Amino acid sequence: MNIKEKILTNDLRNNLKSIIQNEIKKMPETLDELDPKERTNVICRLMPYVFPKVETVHSKDGEPFSFD
């Protein structure tokens, strides 16, 4: 990657970062404008970015097969 490409990429990232930050600031107002079904859908779609993924834990994991 040459210096012009690096500068362009850096500018693009900074611009996108600024756009995203502004949208996040407006998120409460934007959500208020949605009907309840749309609002719930948006919130559910954003949850994976906020909460860690839940993994199934089995009661037998890590336990010996027999108790001798």
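From a predicted model like this one, the values you see are computed outputs, not experimental measurements. These numbers come from the heavy atoms of this one structure, side chains and all, not from hydrogens, waters or symmetry mates. Along the sequence shown, the residues carry numbers beginning at 1.
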[X] [atom1] to [Y] [atom2] distance, which is reported to the nearest 0.5 Å:
X	Y	atom1	atom2	answer
M27	I43	CE	CD1	9.5 Å
M47	K53	CE	NZ	14.0 Å
L8	I3	CG	CD1	12.0 Å
L31	E38	CG	CD	10.5 Å
N15	R13	CG	CZ	12.5 Å
L16	L12	CG	CG	4.5 Å

Has the side chain of S18 got a donor or acceptor atom that lies under 3.5 Å from a matching backbone atom of N14?
->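 Answer holds: no.
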
Ion pair K26/E23, N-O distance below 4.0 Å |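 E23 and K26: salt-bridged.
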
